[in-house]
Amino acid sequence: MRPRNAFALLLLFAACRGAEAPAVLRFDRPPVILISIDTLRSDHLPAYGYKGVETPALDRFRGDAILFRNAYSHCPMTLPSHLSMLTGLLPPEHGVRDNVGFRFDSSKTPAIQSLLHKRGYATGAAVSSYVLRGETGISGGFDFYDDVMNIHPGARFRDYQRSGFATEEIAEKWIDAHKTSPLFFFFHIYEPHVPYDPPEPYRSRYTNRYDGEIATADAVIGRLFDHLRSQGLYDDALIIVTSDHGEGLGDHGEEQHSILLYREAIQVPLMLKLPGAKLAGTAVDAPAELIDILPTVTSLLGFEQHGAGGGISLVSLINSKAPWRSVYSESEYPRLHFGWSGLRSVVDGHMQLIESAAQNELYDLTVDKAEKTDIATSRRRELAALREALARFPAAEAAPSAVTPEESAKLAALGYVGSVRARGAATVNPRDRVAIVEKIREAMQAPPDRAVASMQSLTAEHPDMVEVWIQLGDLSTSLGRYPEAIEAYKGALSHTSRLSAEALLGLGDAYVQRGDIDNAVKSGELALSIAPREAHLLLANASLARGDVAKAEQEAISAAGNKPQPGDLVLLAEIAVRRGNFQQSLDLLSRAERRASDSGLTRIYRLDAVRGDTLARMNRPAEAVAAYEREIASFPNDLRAYSNVAVLYFVQGDRAAMQRALTRMTEANPTDAARRLAAKTRETLR
């Protein structure tokens, strides 16, 4: 136990003397449900006084629960924050300091799921974002961990997350299958994370799209609660509802999150429902932390907390009015991604210190909740005390491992920008540069031609920002401008201090598209040691382009491992077609569909295109055309589907349909690549 925690407990004891502290509570193996609503600011919930949105499910739950009015996250990023929830450790202690570039070792750091599993609990999870994919290490200790997303080239925001309603259906099935035994379920939804795109009726009901997403999240949670009630599990369950971090919403110049540490980014909702609704309706003002979740669960279940984390049981905070707790938060994101200073923060209940290598900021939260007035120069005594408190926390800088381009591209599509690379400390306060990040995000949202121009301008202004070069390469690839993409990825490699998997594999893919297979293979082989799965996928596609089907199959199998995703099965089906194993291809595609359906996905990139290829070779042209058209309807950026269906229309003697297919391709994809392919197809079919 760190000294600050021993001292804290003494203060807590002193504060509670004479108060009506709750008796020791223990429960005999109740169902335990941990619910995380990603990116939810506490000050946008009615339970915390907000009037702009209706949340009937959470309001009803609040009546059954203990509400913690001042709860804080330790990092404004999804992966580090959730690991703090599950392990009871701060980011410097569990070692994951960013959404990319880090892997969690569950064998060295047991989490809630591991501790409960050892005590006879079935452990399951369903998550709604690529950020929490199991390969980060977060799935360790779970018997069941569903993280399937619909990932494909050219995907938009919605494809890197899963609807909370789909995830809730998975949760229902798993809970129903394990309701007769003790169970722990981790349930994560991505509403209200960007893009703010609520479904009806919430889209029409709320002009503030963020609030519309919150209303959607409430509907998802309400459905889960109703199901728990219908199964007789709700009343006896220990349920925790929280969020990993808040959202900037422009309050300090950051529209989203991950860089700054102001209250809007780190203060989160936290509600705890005990079995039998004990202490229902209680509200707690004492500071709470996400690392309190693990010791709360272990304490209430009657065994000691595992590990050296500084959290305590949330129940022990009831009736405490002592502002003794120093709550730590950090963001290494600005240092790792942009070469600016990292940020560290401490909140003591009524004041917050935010420390960078450039300066210190101090805010009095009792009179300045919006943190608009920095009082660091006028309140030097409080500043010194908080700096001393902050110095007690681990201060090791993050040292990331390799980041894959698949990770980078998918995270960029979620709104995260930047390329992780090892860098020393810098003296730039991120607050003073956050506008640059918003310019990058705006460029990423713009039409491709305009986005390319913006990225080119940014590379000229900030040539050391590797992530801008990579974004330029990705955009150029999407437009079919492969020589420009190759030069952009080379620019990224020339400005990074380490071998970059993002740049290498992006470069390799551009080489494949250009037809330079030798250089594509070199890029993939260089990436094998730092991003093996993605490197094997690149090498599989390069081998297919070369016509080496045996090598492609070997690489695809290596990439899939023992838990193939739907996309892996589609690639293996494509290889089976090349081998002439048509029935095997159809079987693999059916397996991919079942895997996707089990995870709440309704469409998988290139599944119908490969089915069309298979059926065409089996001389079933009508079925093949139908499959290609389904692919085009779902994925209008799949150029090969247009070209192949055009060929089928030509073979069937329908030249008008052939021309319409190629015209549709260029209208839906006004890119150099689409125009070239359309021209080549027309020339071939003359």
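Around the NE2 atom of His117, the shell of radius 6.0 Å holds no more than 12 heavy atoms that belong to other residues, nucleotides or ligands. Residue Lys680 places its NZ atom among 12 or fewer non-hydrogen atoms of other residues, nucleotides or ligands, all under 6.0 Å distant.
A pairwise comparison of heavy atoms in Gly164 and Phe187 identifies O-CZ, 4.3 Å as the closest pair. Residues His178 and Ala122 approach most closely at CD2-CB, 3.7 Å, considering heavy atoms. Across all their heavy atoms, Gly524 and Ala535 have their closest contact at O-CB, 3.5 Å. The two residues Ala673 and Gly480 have their closest heavy-atom pair at CB-CA, 3.5 Å. Between Gly137 and Ser106, the closest heavy-atom pair is O-CB, 4.1 Å. In terms of heavy atoms, Met455 sits closest to Ala443 at CE-CB, 3.8 Å.
Side chains of Leu589 and Leu569 form no contact here, defined as non-hydrogen atoms less than 4.5 Å apart. Side-chain contact between Thr477 and Tyr482 is present, with heavy atoms from C-beta onward closer than 4.5 Å. Using a 4.5 Å cut-off on side-chain heavy atoms (C-beta onward), Asp147 and Leu132 make no contact. Considering only heavy atoms from C-beta on, Arg579 comes within 4.5 Å of Glu553 through its side chain. Counting only heavy atoms from C-beta outward, the side chains of Glu631 and Val645 never approach each other to under 4.5 Å. Side-chain contact between Ile175 and Gln231 is absent, with no heavy atoms from C-beta onward closer than 4.5 Å. Looking only at side-chain heavy atoms (C-beta outward), Leu183 and Ile33 come within less than 4.5 Å of each other. Between Arg611 and Glu593 there is a side-chain heavy-atom pair separated by less than 4.5 Å.
Inspection of the Ser36 and His82 side chains reveals an N or O donor paired with an N or O acceptor under 3.5 Å. In this model, a donor atom of one side chain and an acceptor atom of the other lie less than 3.5 Å apart for Asp176 and His227. Thr78 and Asn99 form no side-chain donor-acceptor contact under 3.5 Å, judged by distance and modelled atom types alone. Side-chain contact annotation: Ser599 with Arg595, donor-acceptor N/O pair under 3.5 Å present.
Taking OH from Tyr202 and CZ from Arg209, the interatomic distance works out to 15.0 Å, rounded to the nearest 0.5 Å. Taken from CZ in Phe650 to CZ in Arg682, the straight-line distance is 13.0 Å, to the nearest 0.5 Å. Distance check, rounded to the nearest 0.5 Å: CG of Leu648 to CD of Glu629 gives 10.0 Å. Between atom CG of residue Asp672 and atom OG1 of residue Thr666 there is a gap of 12.5 Å, rounded to the nearest 0.5 Å. The distance from the OG atom of Ser139 to the CD atom of Gln113 is 8.5 Å, given to the nearest 0.5 Å. Rounding to the nearest 0.5 angstrom, the gap separating the CG atom in Leu677 from the OG1 atom in Thr671 is 9.5 Å.
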In sequence, state the C-alpha distance, the side-chain angles, and the governing distance for Ile604 and Gln565, and then conclude on side chain to side chain contact (heavy atoms under 4.5 Å, CB included). CA-CA 10 Å; Ile604 298 297; Gln565 296 286 305; over 6 Å; no
Show the numbers, then the answer: is there a side chain to side chain contact (heavy atoms under 4.5 Å, CB included) between Val452 and Leu472? CA-CA 6 Å; Val452 165; Leu472 178 58; 3.9 Å; yes
Applying side chain to side chain contact (heavy atoms under 4.5 Å, CB included) to Leu586 and Met618, what does each step give before you reach the verdict? CA-CA 11 Å; Leu586 294 177; Met618 296 174 74; 3.8 Å; yes
What verdict does the side chain to side chain contact (heavy atoms under 4.5 Å, CB included) test give for Val127 and Tyr145, after you've listed the backbone C-alpha separation in whole Å, the side-chain angles of each residue and the deciding distance to 0.1 Å? CA-CA 8 Å; Val127 299; Tyr145 194 91; 3.5 Å; yes
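Cation-pi geometry between Arg514 and Tyr511 is not met at under 6.0 angstrom from the ring centre and within 45 degrees of the axis. Because its NZ or CZ atom is not both nearer than 6.0 Å to the ring centre of Tyr642 and within 45° of the ring axis, Arg664 does not count as a cation-pi partner of that residue.
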Side chains of residues 484-493: which donor-acceptor partners sit under 3.5 Å, not counting sequence neighbours?
unit_1 : atom_1 : unit_2 : atom_2 : d
Tyr489 : OH     : Gly473 : O      : 3.3
Tyr489 : OH     : Asp474 : N      : 3.1
Tyr489 : OH     : Asp474 : OD1    : 2.5

Anything under 3.5 Å between a donor and an acceptor, one on a side chain of residues 537-546, the other on a protein residue two or more places apart or in another chain? List them.
unit_1 : atom_1 : unit_2 : atom_2 : d
Asn541 : ND2    : Leu537 : O      : 3.2
Ser543 : OG     : Leu539 : O      : 2.8
Arg546 : NH2    : Asp518 : OD1    : 2.4

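In this structure, the side chain of Ser128 does not engage the main chain of Gln161 through any donor-acceptor pair within 3.5 Å. Put simply, the side chain of Asn669 gets close to the backbone of Met665: a donor and an acceptor are under 3.5 Å apart. A side-chain donor-acceptor contact under 3.5 Å links Asp548 to the backbone of Lys551. For Ser478 (side chain) and Leu475 (main-chain N/O), a donor-acceptor pair under 3.5 Å exists by modelled atom type. Here the side chain of Arg578 pairs no donor or acceptor atom with the backbone of Val549 at under 3.5 angstrom. When atom types are taken as modelled, the side chain of Asn519 and the backbone of Gly508 share no donor-acceptor pair closer than 3.5 angstrom. Asp143 places no side-chain N or O within donor-acceptor distance of the main-chain N or O of Gly124, the cut-off being under 3.5 Å.
Between Phe186 and His188, the ring planes are tilted. Angles from 30° to 60° get that label. Note on ring orientation: taking the six-membered ring where Trp is involved, the planes of Phe144 and Trp174 are parallel (angle under 30°, cut-offs 30° and 60°).
Ion pairing of Asp449 with Arg481 is present here, as a side-chain N (NZ or NE/NH1/NH2) and a carboxylate O approach within less than 4.0 Å. Using a 4.0 Å cut-off between charged nitrogen and carboxylate oxygen, Glu169 and Lys173 do not count as a salt-bridge pair. Note on Asp146 versus Arg162: salt bridge recorded, some NZ/NE/NH1/NH2 to OD/OE distance being below 4.0 Å.
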